[in-house]
Structure formats: structure tokens, C-alpha cells
Amino acid sequence: MRFEHETLAQRVRFATGEAPAALCAEVQRLGGSRVMVIASDSEAALEVAADVPVVRHHHEVVMHVPVASAERARTAAAEAKADVLVSVGGGSTTGLAKAVALTSGLPVVAVPTTYAGSEATSVWGLTEGARKSTGADARVLPRAVVYDAALTLTLPVALSVASGLNALAHCVDSLWAPRTDPIDQALAAEGIRALAAGLPAVVADPNGLPGREQMLYASYLAATAFSSAGSGLHHRICHVLGGAFDLPHAQTHAVVLPYVLAFNAAAAPEAERRIADAFGAATALDGLQELRRAVDAPRALRDHGLDEADIDDAVTAVLEAVPAGNPREATADGLRRLLRAAWEGADPAVVTVGKN
Ligand code: NAD
């Protein structure tokens with residue numbers, strides 16, 4: 001065994017019902033006395049910043065962080081002379097705080113309320129027109145993360161399912177992504193196990209905390225693995241779909257995952273076995289499909305805004321983005337079959353090796 005692995009420097013606090021006190025302690029630890037809180041109107045209702053010295057509330061949060069909205073948040077932070085940024089919300093809110101940190105260097109304390117996992121990565125994303133650009137920068141990694149499962153009780157079941165499958169996609173893609181290593185694989189496998197337990201529990205009892213806690217724990221593991229392993233084929237496809245066609249992030253990941261798994265599985269036998277074992281299933285795809293059925297997962301890209309006429313353009317864009325070292329060669333024909341199957345919600349087995 002031979003590998004290099006970088007662990008990112010970040011404090012993590014996990015305590016249900018204790019976000020206000022934990023947030024206060026983390027802001028103090030950073031010496032913050034002028035905090036800008038970033039949260040959309042609905043997320044601000046979660047009210048966890050009552051005890052920190054807030055000089056500005058910023059509510060304009062837009063998915064995929066348009067450059068113009070990032071500029072307005074940067075101006076707001078500068079005008080308020082903020083010394084710490086606190087984000088309370090999903091990946092879009094965390095992403096906006098990261099955009100401000102990217103140019104200002106201000107430290108971020110993230111309080112995540114979905115399972116997107118952006119809080120545990122040093123990846124930022126901005127969109128301008130139909131182009132989404134991303135990059136990795138140590139300045140955007142939140143210095144501290146405050147996990148409180150009570151804050152996720154208001155996340156509707158359908159969004160919890162889509163967001164949970166987004167976290168599952170981080171785990172699965174981490175097993176064959178360009179920089180994958182044994183640490184990432186261990187984190188990803190435990191993430192899959194916890195997600196497979198947590199997501200059905202959330203669906204069965206959306207107000208129950210044990211399932212919600214499993215989900216937050218798993219989404220942290222998933223994002224930590226993903227941040228180290230990098231983007232595999234699944235993330236490259238979803239990145240293209242989200243940026244160019246403005247599809248909703250979590251739902252897109254939820255739909256595309258079984259097709260990429262079916263596409264790569266036979267060419268990545270070790271990853272396949274790891275995923276199957278984590279699910280406790282005969283095959284990786286069986287495990288994923290059983291979970292998807294149990295939680296009534298999103299099924300087709302056509303239900304989430306992709307037009308059939310866009311498939312060819314998507315294939316062209318994905319072809320340019322296929323990561324080096326993907327277990328199976330991704331040709332234009334193979335990708336077209338994959339995207340068409342995902343668009344119509346066909347049986348993922350149609351993209352497995354030997355079927356095309
Ligand atoms: P989101 O942040 O857009 O949230 C979806 C909706 O859920 C919003 O309307 C939000 O207000 C609402 N919401 C959030 N938490 C809630 C709660 N607890 N109760 C009720 N409503 C709640 O969606 P997302 O899937 O979390 O994040 C998607 C964005 O994050 C995308 O732009 C994606 O690119 C980015 N992302 C980045 C990374 C990274 O590493 N940089 C990782 C994952 C996702």
C-alpha cells in the first residue's frame with residue numbers, strides 16, 4: 001500500500017440542539033466581534049446566531065452562486081467591516097460564504113442544514129451565464145463546522161432524499177475519482193453504510209433525530225472523502241448539467257448516480273465490492289436501487305428540467321470533462337446512452353458493459 005493523503009484543517013462540532021452555543025464558542029475562538037450571517041429567508045428562521053455579535057444579515061442566496069450575487073455579498077461584508085462569516089443553510093448558502101472568503105480571506109463558520117457537504121470541502125463554485133467555474137482554495141474551507149440535526153427537521157422529505165443521495169454520490173464517486181486513496185475509500189464506505197441506514201429512517205420518521213443524525217454524520221464523511229479524492233465521472237456529468245442547463249443540484253445527483261454506477265461498476269470491481277458490502281447487498285447496483293425504491297428517489301432528468309433536445313449538447317460538454325483514469329472509457333456513444341437513460345428514467349442496467 002502506498003499513497004499520499006492530505007487531511008484538511010477544520011474543527012467539527014456535532015451536538016443536536018446545541019448549535020447556538022457551539023456557534024458562539026467557534027466565533028469567539030476565531031476572535032470574531034463583527035459577524036456577517038449569510039442565510040436565505042427560510043434558513044434565517046432557524047435562528048442559531050442569537051448569541052453572536054452580528055453586524056449584518058445577508059439573505060440573498062441563489063443556487064450555483066451567480067457572480068453578481070457573490071459581488072453583492074462581498075460588498076455587504078466589506079461595508080459591514082465583518083471579521084467572521086457565518087453561513088446557516090444548504091450548499092448554496094455555504095457556497096456564497098465561500099465566494100466572499102475567496103476574495104476577502106475572512107474565516108467562515110458553517111452551520112449546514114442539508115446533506116450537500118460543501119462545508120467540508122475547499123471547493124468553491126461560481127456561475128456566470130451558463131458557465132459554472134469551480135476551483136479549490138484553502139481560504140474557502142470553513143474553519144469550523146457546527147452540525148445540529150435539529151436544524152434539519154424542517155428539510156422536507158423529498159429534499160432530504162435528494163440531498164441524501166447527493167451525499168451518497170460523493171461516496172460512490174470517491175471510490176474511483178482521480179486522487180482516490182485508501183483513507184477516502186474507508187470514509188466513503190462508512191458513509192454509504194450510514195446513509196443506507198439513515199435515509200430510510202428519515203423517510204419513515206422525518207421528525208426523528210436518530211435518522212437525521214446519521215445523515216449529517218454520513219454527509220460529513222462523504223464530503224471529506226470527495227474533497228480529497230476529487231471529482232469522478234458522476235460529478236463531472238452533474239457539474240455540466242447544473243451549470244449549462246440550470247438543473248437543481250441535489251435532484252440531478254440523485255437521478256444520475258445509478259446510471260454512472262451501472263456504467264463504471266464492471267470496470268471497477270474493487271469499488272463495486274466495497275459499495276455492495278457497505279449496502280449489505282449482492283451487488284452495488286442492487287444495493288443502490290433497493291435504497292432508491294425504499295425512499296422513492298427522483299427518477300428522471302426530464303422531470304427536473306432537462307429537455308430531450310439538450311442531450312447532444314450535454315454529451316459534447318461531458319466528453320470534454322471526463323476525468324483521466326475513469327475505470328471505463330467514456331465515448332460519445334456511451335455517454336449519450338447514459339444521459340438518455342437518465343433523461344427518461346430507464347433501467348440503469350442498459351448502460352452496463354456489454355449492453356452497448
Ligand atoms: P440549497 O442550498 O440550494 O438548498 C435547497 C433549498 O432548501 C433552498 O430553498 C433552501 O433554502 C432550503 N433549505 C435548506 N436547508 C433547509 C432546512 N433545514 N429546512 C428547510 N429548508 C431548507 O441546496 P443544496 O443541495 O444543499 O446545495 C446545492 C448547492 O451547493 C449547489 O450550488 C452545489 O453546487 C453546491 N455544493 C457545493 C459543494 C462543494 O464542495 N463546493 C458540495 C455540494 C454542493
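Each ligand, and each atom within it, is numbered from 1 in the order the structure gives.
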Can you report which non-hydrogen protein atom sits closest to [atom], along with the distance?
atom: atom 12 (C) of ligand 1; answer: Glu43 OE2, 4.2 Å
atom: atom 26 (O) of ligand 1; answer: Thr114 OG1, 2.6 Å
atom: atom 21 (N) of ligand 1; answer: Leu155 CD1, 4.2 Å
atom: atom 38 (C) of ligand 1; answer: Ser118 CB, 3.5 Å
atom: atom 40 (O) of ligand 1; answer: Thr121 OG1, 2.6 Å
atom: atom 34 (O) of ligand 1; answer: Lys132 NZ, 2.9 Å
atom: atom 41 (N) of ligand 1; answer: Val123 O, 2.9 Å

Does ligand 1 come near enough to [X] that some N or O of the ligand is less than 3.5 Å from an N or O of the residue?
X: Thr113; answer: yes
X: His170; answer: no
X: Gly91; answer: yes
X: Gly117; answer: no
X: Asn166; answer: no
X: Thr152; answer: no
X: Ala116; answer: no
X: Thr93; answer: no

Side chains of [X] and [Y], donor plus acceptor under 3.5 Å:
X: Glu128; Y: Ser133; result: no
X: Asp148; Y: Thr16; result: no
X: Arg212; Y: Ser160; result: yes
X: Asp137; Y: Ser122; result: no
X: Ser87; Y: Lys98; result: no
X: Tyr147; Y: Glu119; result: yes
X: Ser174; Y: Gln185; result: no

Task: Separation of Leu306 CG from Trp343 CH2 (nearest 0.5 Å) - done: 8.5 Å
TODO: Measure the spacing between CG of Leu209 and CD of Gln214 and express it to the nearest 0.5 Å.
DONE: 12.0 Å
TODO: Please check if the distance between the ring centroids of Tyr259 and His234 is under 6.0 Å.
DONE: no
Open item on the list: If we set the cut-off at 4.0 Å for heavy atoms, which region of His249 has an atom near ligand 1: side chain, backbone, both, or neither?
Closed with: side chain
- [ ] May I ask you to identify, for Ser40, whether its side chain, its backbone, both or neither come under 4.0 Å of ligand 1 on a heavy-atom basis?
- [x] side chain
Task: Proximity flag Ser42 to ligand 1, non-hydrogen atoms under 4.0 Å - done: yes
- [ ] Could you establish whether Lys98 and ligand 1 come within less than 4.0 Å of each other, counting only heavy atoms on the residue side?
- [x] yes
TODO: Give a yes or no on whether atom 8 (C) of ligand 1 lies under 4.0 Å from any heavy atom of the protein.
DONE: no
Task: Under-4.0 Å heavy-atom contact between protein and atom 32 (O) of ligand 1 - done: yes
- [ ] Can you label the angle between the His249 ring and the His253 ring as parallel, tilted or perpendicular, going by 30° and 60°?
- [x] tilted
TODO: Can you sort out which atoms of ligand 1 are near Gly90, meaning under 4.0 Å from one of its heavy atoms?
DONE: 2 (O), 26 (O)
Hey, looking at [atom], which of [options] has the closest heavy atom?
atom: atom 1 (P) of ligand 1; options: Ser92, Cys238, Ser122; value: Ser92
atom: atom 18 (N) of ligand 1; options: Thr94, Leu126, Leu151, Thr134; value: Leu151
atom: atom 19 (N) of ligand 1; options: Val61, Thr154, Leu159; value: Thr154

- [ ] Inspect the surroundings of CD in Glu344 and state if more than 12 heavy atoms from other residues, nucleotides or ligands are less than 6.0 Å away.
- [x] yes
Open item on the list: Quick test of your reading of the model: are Asp277 and Arg273 salt-bridged, counting only N-O distances below 4.0 Å?
Closed with: yes
- [ ] Report the C-alpha separation of Arg193 and Glu190 in whole Å, then their side-chain angles, then the decisive distance to 0.1 Å, and conclude whether the salt bridge (Lys or Arg N to Asp or Glu O under 4.0 Å) test is met.
- [x] CA-CA 5 Å; Arg193 187 206 60 74; Glu190 169 62 2; 2.8 Å; yes
Open item on the list: Under a 3.5 Å distance rule, please check whether Asp181 uses its side chain to pair with a backbone N or O of His5 as donor and acceptor.
Closed with: no
